2 protein chains.
Amino acid sequence: MKAEAAVDALSALANDHRLAVFRLLVQAGPEGKPAGAIADALAMPASSLSFHLAHLNRAGLITQSRDGRSLIYAADFAAMTGLVGFLTENCCGGASCAPSAAPSQKKRKAS
Amino acid sequence: MKAEAAVDALSALANDHRLAVFRLLVQAGPEGKPAGAIADALAMPASSLSFHLAHLNRAGLITQSRDGRSLIYAADFAAMTGLVGFLTENCCGGASCAPSAAPSQKKRKAS
DNA sequence: CTAATGATTCGATGATACTAGAAATGTCGA
DNA sequence: TCGACATTTCTAGTATCATCGAATCATTAG
């Protein structure tokens, strides 16, 4: 995952409502949930939810498919794996993000 | 890490400049970098950089300390570990999301 | 004290995000 | 075709974010 895509994904998750939607879809599993069920579960107006779903979809974090009159949204687990991988590699010292794994590349500063 | 803190952290990283700053600080290691050096490395006006550093600091992702006239900023690795942990637990189906034994084996284009 | 330096805060401006009702679109059953 | 339903798109209003020069604060040396 490139930094540009990572920013898109981070931006998509950086909102209470969207994070709640995504977590709900993760719990729902690969089968996903129709928009109406999400709006109902989160007590959100349909138009507001649609706005957030479009945001998540544009960022590549969820997928959309139709089932009759309902639009089914599902979490894209591969995208999430890619994001966590990006953060681990680029924002955790390149090593595993384990707490005690402080990078040993100490640069000596000539002050 | 709670969802509220996670949203703050995600929001802080969901910006090109701030993500670049954070990655630079991760590369710099625990010793951190003075604000001037960051501004110089990223070719950013001092006041703009200060705005973004304050944002990252408020989100708990970086720490600030003074060294003479310079303010040293350093990545807070524990906070990042917490964020990755939150994402893994809450947004990856509860199971391990990142390849648990593959830190950085894959090829990626230099960005 | 005064000057110089590193960095932040202030202030104004433009851009973007969020919300939610109303209207429009797509789909199905009769 | 018609009506009902699920959802999106349109629209407008409000709120928050991003930028960056100028002014200010904090620190050190002389």
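This one's a predicted model, so the numbers in the text were calculated from it and none came from an experiment. Throughout, a chain's letter reflects where its sequence line sits, starting with A, and its residues are numbered from 1.
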C:dC18 OP1/OP2 closer than 4.0 Å to side-chain N/O of A:Asn15: yes

N or O in side chain of A:Arg18 less than 4.0 angstrom from C:dC18 OP1/OP2: yes

Close side-chain approach of A:Asp76 to A:Phe22, heavy-atom, < 4.5 Å: no

Give the table of side-chain donor-acceptor pairs shorter than 3.5 Å for residues 48-63 of chain A, with sequence neighbours excluded, one pair per line with atom names and distance.
residue : atom : partner : partner atom : Å
A:His52 : ND1  : A:Arg18 : NH1          : 3.1
A:Thr63 : OG1  : A:Ala74 : O            : 3.4

Close side-chain approach of B:Val26 and B:Phe77, heavy atoms under 4.5 Å: yes

Rounded distance in Å - CG (B:Asp16) to P (D:dA18): 11 Å

Interface residues of residues 1-14 of chain B with DNA chain D (non-hydrogen, below 4.0 angstrom): none

Residue-phosphate contact under 4.0 Å: A:His52 side-chain N/O, C:dT19 OP1/OP2: yes

A:Arg66 side chain near A:Ile72 side chain, heavy-atom distance below 4.5 Å: no

Side-chain heavy-atom pair A:Met80, B:Leu87 within 4.5 angstrom cut-off: yes

Gap between atoms CG and P, on B:Asn57 and C:dA7 respectively (whole Å): 15 Å

Pairwise distance CG(A:Leu13) to CG(B:Leu13) - rounded to 0.5 angstrom: 11.5 Å

Spacing of CG belonging to A:Asp8 relative to NZ belonging to A:Lys2, to within rounding of 0.5 Å: 10.5 Å

Spacing of CZ belonging to A:Arg23 relative to CG belonging to B:Asn90, to within rounding of 0.5 Å: 4.0 Å

Would you list the protein and nucleotides 7-11 of chain D atom pairs, both N or O, that sit under 3.5 Å from each other?
residue : atom : partner : partner atom : Å
D:dT7   : OP1  : A:Ala35 : N            : 3.1
D:dT7   : OP1  : A:Gly36 : N            : 3.2
D:dT7   : OP2  : A:Gly36 : N            : 2.6
D:dT8   : OP1  : A:Tyr73 : OH           : 2.2
D:dT8   : OP2  : A:Ser50 : OG           : 3.1
D:dT8   : O5'  : A:Ser50 : OG           : 3.1

Between C1' of C:dC18 and CG of A:Leu19, the distance in whole Å: 16 Å

Heavy-atom check, side chain of B:Ser11 versus side chain of A:Asn15, under 4.5 Å: no

Distance in angstrom units between B:His55 NE2 and C:dT8 C1', rounded: 17 Å

Atom pair distance, as rounded to whole Å: CG in B:Leu56 and P in C:dT8: 12 Å

